[in-house]
Amino acid sequence: AQTVTQSQPEMSVQEAETVTLSCTYDTSESDYYLFWYKQPPSRQMILVIRQEAYKQQNATENRFSVNFQKAAKSFSLKISDSQLGDAAMYFCAYRSAAWANSGGSNYKLTFGKGTLLTVNP
Amino acid sequence: DTEVTQTPKHLVMGMTNKKSLKCEQHMGHRAMYWYKQKAKKPPELMFVYSYEKLSINESVPSRFSPECPNSSLLNLHLHALQPEDSALYLCASSRPGGGNNQPQHFGDGTRLSIL
């Protein structure tokens, strides 16, 4: 079974600064997808960024980028020019890329325990 | 605006009540999910429907009964719940099957309190 570990329960950053949230995972699969979700106090889980394991290039979405190290099974999220609206719980998640007849494993998202990010003005 | 709509946003019920949570999406997704989330914890998967058929039941107690009437709707029927069932219930949808990087899209959730 896959596991996802977020070793930083809480992080804080000054507005306009850069912060990196760490995520490591354990899997025996070679093909999978990784996601970072953000959950502000408003409750909705919002997709921040996604990465396909077969792609060597790190994904970027505006101020958000990842450092994907497949061999090290590491998937950290960097937030540049932090804004007050970035304050939220951040969850790293893993999903198998196995086909649908794999017993449903490709439907399941395995989440880390989350990192609570505070942005200070 | 969320593309997955959940109603109600808040629900308070007694342990003997029967109520239902509703979820609707119009993105053409054929996989829909129910999650339970406790405060400051990650979501826990409860059920997955694929093409309106129950695909995964994560050993959820029978007091939770899911239903998928059509490809856009997902219900969660609640009966005889316990205080420990108080939580945020999230619905999500996605394209089904493997081989794609499409993420799950989540609703705002229903905050459920059991008295």
Side-chain angles (χ1 to χ4, degrees), chain A residues 1-6 9-10 23 29-55 59 61 66 68 88-117, chain B residues 1-11 23 25 27 29-51 53-59 87-112:
Chain A
Q2 296 82 21
T3 59
V4 176
T5 301
Q6 293 178 249
E10 296 185 19
C23 173
E29 298 178 326
S30 59
D31 200 12
Y32 47 88
Y33 305 105
L34 296 165
F35 305 90
W36 277 99
Y37 280 92
K38 162 187 175 181
Q39 188 176 35
S42 62
R43 308 183 322 199
Q44 188 188 6
M45 294 276 284
I46 302 166
L47 178 70
V48 175
I49 200 165
R50 77 189 85 169
Q51 175 79 43
E52 295 90 341
Y54 63 84
K55 288 187 177 178
E61 287 286 343
V66 297
F68 173 50
M89 181 73 89
Y90 285 80
F91 292 102
C92 177
Y94 171 105
R95 182 168 71 81
S96 171
W99 289 105
N101 62 354
S102 61
S105 62
N106 57 303
Y107 288 114
K108 293 184 182 181
L109 276 177
T110 301
F111 288 97
K113 291 187 175 181
T115 296
L116 182 63
L117 178 66
Chain B
D1 288 342
T2 180
E3 296 171 315
V4 178
T5 303
Q6 290 188 243
T7 56
K9 294 197 181 304
H10 301 275
L11 179 62
C23 175
Q25 57 88 14
M27 294 179 283
H29 291 166
R30 299 305 295 275
M32 297 186 75
Y33 311 74
W34 280 116
Y35 288 87
K36 174 183 177 181
Q37 186 180 26
K38 290 285 201 178
K40 298 187 177 181
K41 299 288 187 183
E44 299 173 11
L45 183 65
M46 300 174 72
F47 303 103
V48 179
Y49 274 82
S50 177
Y51 294 98
K53 289 187 174 14
L54 185 63
S55 177
I56 296 175
N57 176 342
E58 292 286 79
S59 301
L88 180 67
Y89 288 84
L90 292 166
C91 174
S93 70
S94 75
R95 284 175 54 191
N100 71 75
N101 68 347
Q102 296 305 303
Q104 294 179 20
H105 296 254
F106 288 81
D108 288 344
T110 294
R111 178 79 64 193
L112 177 65

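Here is how names work: the chains are called A, B, and so on, in the same order as the sequence lines, proteins then strands, and each is numbered from 1. Atoms considered below: every heavy atom in the structure, side chains included; atoms not considered: hydrogens, waters and symmetry mates.
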Notebook entry, point to check: With side chains defined as the heavy atoms from C-beta onward, is the minimum distance between B:Gln104 and A:Met45 less than 4.5 Å?
Noted result: no

For A:Gly112 and B:Pro42 the tightest heavy-atom approach is O-CB, 3.3 Å

Validation row: B:Pro103, A:Tyr37 side chains within 4.5 angstrom (heavy atoms):
yes

Any chance you could lay out the side-chain contact (heavy atoms from CB on, under 4.5 Å) test for B:Lys40 and A:Lys113, step after step, and finish with the verdict?
CA-CA 8 Å; B:Lys40 298 187 177 181; A:Lys113 291 187 175 181; over 6 Å; no

Heavy-atom nearest pair, A:Arg43 first then B:Lys9, reads NH2-O, 3.3 Å

The interface call for A:Arg50 against chain B, heavy-atom contacts under 4.5 Å, is side chain

Is B:Tyr33 reaching over with its side chain to a backbone N or O of A:Lys108, donor-acceptor style, under 3.5 angstrom? no

Note, A:Gln39 side chain near B:Leu90 side chain (heavy atom, < 4.5 Å)
yes

Scored by heavy-atom pairs under 4.5 Å with chain A, the best of B:Glu44, B:Lys41, B:His105, B:Gln37 is B:Gln37

When the 4.5 angstrom heavy-atom criterion is applied to A:Met89 and chain B, the contacting part is side chain

I'd like to check A:Leu109 versus B:Tyr35 (side-chain heavy atoms, cut-off strictly below 4.5 Å). Are they in contact?
yes

Next on the checklist: Strictly distance-based, threshold 3.5 Å: is any side-chain N or O of A:Gln44 a donor or acceptor partner for the main-chain N or O of B:Gly109?
Outcome noted: no

Honestly, the part of A:Gln51 sitting under 4.5 Å from a heavy atom of chain B is neither

